[in-house]
Protein chains: 2
Amino acid sequence: MSAAKTILERLAGDSLPDWHLVESALRRKTLAPGECLFLVGVAHPVVYFVKSGVIKMVYETYDGDAWVKAFAAEGRFFASLAGLSPGGVTSFSAVAACSTSVESLPYPLLDQLGDKHPQWQRALRKGFELYGFRKEARERDLLTLSAEQRYRRFIEEHPLIAERVTDRDIAGYVRVTPVALSRIKARIKLRQREENDAS
Amino acid sequence: MSAAKTILERLAGDSLPDWHLVESALRRKTLAPGECLFLVGVAHPVVYFVKSGVIKMVYETYDGDAWVKAFAAEGRFFASLAGLSPGGVTSFSAVAACSTSVESLPYPLLDQLGDKHPQWQRALRKGFELYGFRKEARERDLLTLSAEQRYRRFIEEHPLIAERVTDRDIAGYVRVTPVALSRIKARIKLRQREENDAS
DNA sequence: ACCGCTCATTAACCCAGGTTAACGCTGACC
DNA sequence: GGTCAGCGTTAACCTGGGTTAATGAGCGGT
């Protein structure tokens, strides 16, 4: 069973017709740590499904900084929305944060299936709904939490990702430099020690 | 012609069947500056369409800070995605940033229409797609730009909103305190004056 | 005209995080 | 085994933004 099928049927809440069309369009790819799935600024109307490992989605600035928009681990799907619409280009790069294997589907095919079958249209709508929902949560964290709070939340909510990616990438996700993250970790450790001493 | 119809048909790229059902469910509301459209944490499966004015979507933290997630001016639609799904509650509050009039539709009706007509399902999907697209841009700005850059971009891209809302709200959107925004503005003005003197 | 309110600005002080650089560790490659 | 590169940590210094407080401008209410 492909990862894509599991993920899409969970979205649809139903089995999906014409699956053979999808099956033959499905591509599998394995990436070594640091290997690039797609670059920013290219036409790339493709949806990815993560089978194992972790993909990081990265924004790069002119001055060479790289900030991590999001991680996607097993069971997640993702795409650059900007790169899906005709004529659009990706707004970020996708890079393997550790050994990772993914499946991919061309978005035009999904779009066609959506026009043909209500189950597919529904799956796509739910997909965008979920995607928007995640972005909303991320946006809220960036707006309302401090750097230390964002770090703590990430460790709590994604311990399995945290142990597989470098601190450098975690820093990029928390939106601080690696140096600052190191200080934050030291601060937390210090406070824990103080609490233990007090008790 | 209602604002909702214009916006939804633009999304669908088509005319929408069963519009009379929508028409009778449509509610119009006018808000004074500072008046609240809905509060955070309530079940509120409603989609809004802005006819005139500006709505600000606000995250409030425990310690009383209020950060502006987004503004919606005429021609925009919005909703709390978290508040749309059954059993979910809104993740932010919506408040009029100036005199504003809006139209609203219950989401369950739209969901039903989506199951019934492909044109509606398509409109909804495009709606979520667009919503996600906007979040993606906002997320990128928060990750990759400095406070000053975020301010400049906001002024450039939304001059018509900027002139209708308070600096306090702009500060909340840029994610700095009003004091810091004032300093940023002073810094920009100072630099402009220096440039003029040099020439 | 007066009051009271909110908003924008400015100053003073403080602190978290950015920057640069040094150091040690580990793991890949020869 | 030796070399080299990248990572995480720590220290020193600097800066942008948070905090608090004072001031003044604008404005609705009486």
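Proteins come first, then strands; the chains are lettered A, B, ... in the order of their sequence lines, and each starts at number 1. Since the structure is predicted, the reported quantities are computational estimates derived from the model, not experimental observations.
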Carboxylate-amine/guanidinium contact Lys135(A) Glu139(A), below 4.0 Å: no

Partner of Leu145(B) under side chain to side chain contact (heavy atoms under 4.5 Å, CB included), chosen from Leu143(B), Leu142(B), Asp141(B): Asp141(B)

For Gln119(B), the option from Gln121(B), His117(B), Lys116(B) that meets side chain to side chain contact (heavy atoms under 4.5 Å, CB included): His117(B)

Gln149(A) backbone acceptor or donor facing Ser146(A) side chain under 3.5 Å: yes

Short side-chain to backbone donor-acceptor contact, Thr30(B) and Ser101(B), under 3.5 Å: no

Smallest separation among heavy atoms of Val176(B) and Leu181(B), with atom names: CG2-N, 3.9 Å

Close residues, residues 171-182 of chain A, relative to DNA chain D [heavy-atom separation under 4.0 Å]: Val179(A), Ser182(A)

Results of ring pair (Phe, Tyr, Trp, His ring centres under 6.0 Å) for Phe71(A) - residues two or more places apart only: Phe154(A), Tyr173(A)

Connected-component partners of Val89(B) among ILVMFWY, side-chain separation under 4.5 Å: none

Phe38(B) and His44(B) aromatic ring geometry - parallel, tilted or perpendicular at 30°/60° bounds: tilted

Rounded (10°) bend between the five-pair end axes of the helix from dA1(C)-dT30(D) to dC30(C)-dG1(D): 40°

Heavy-atom contact window of chain A on DNA chain D, given 5' to 3' at under 4.0 Å: dC7(D) to dA12(D)

Side chains of Glu9(B) and Ser15(B), donor plus acceptor under 3.5 Å: no

Heavy-atom contact window of chain B on DNA chain C, given 5' to 3' at under 4.0 Å: dC7(C) to dA12(C)

Validation row: Lys69(B), Val58(B) side chains within 4.5 angstrom (heavy atoms): no

Leu105(A) and Phe77(A), any side-chain heavy atoms less than 4.5 Å apart: no

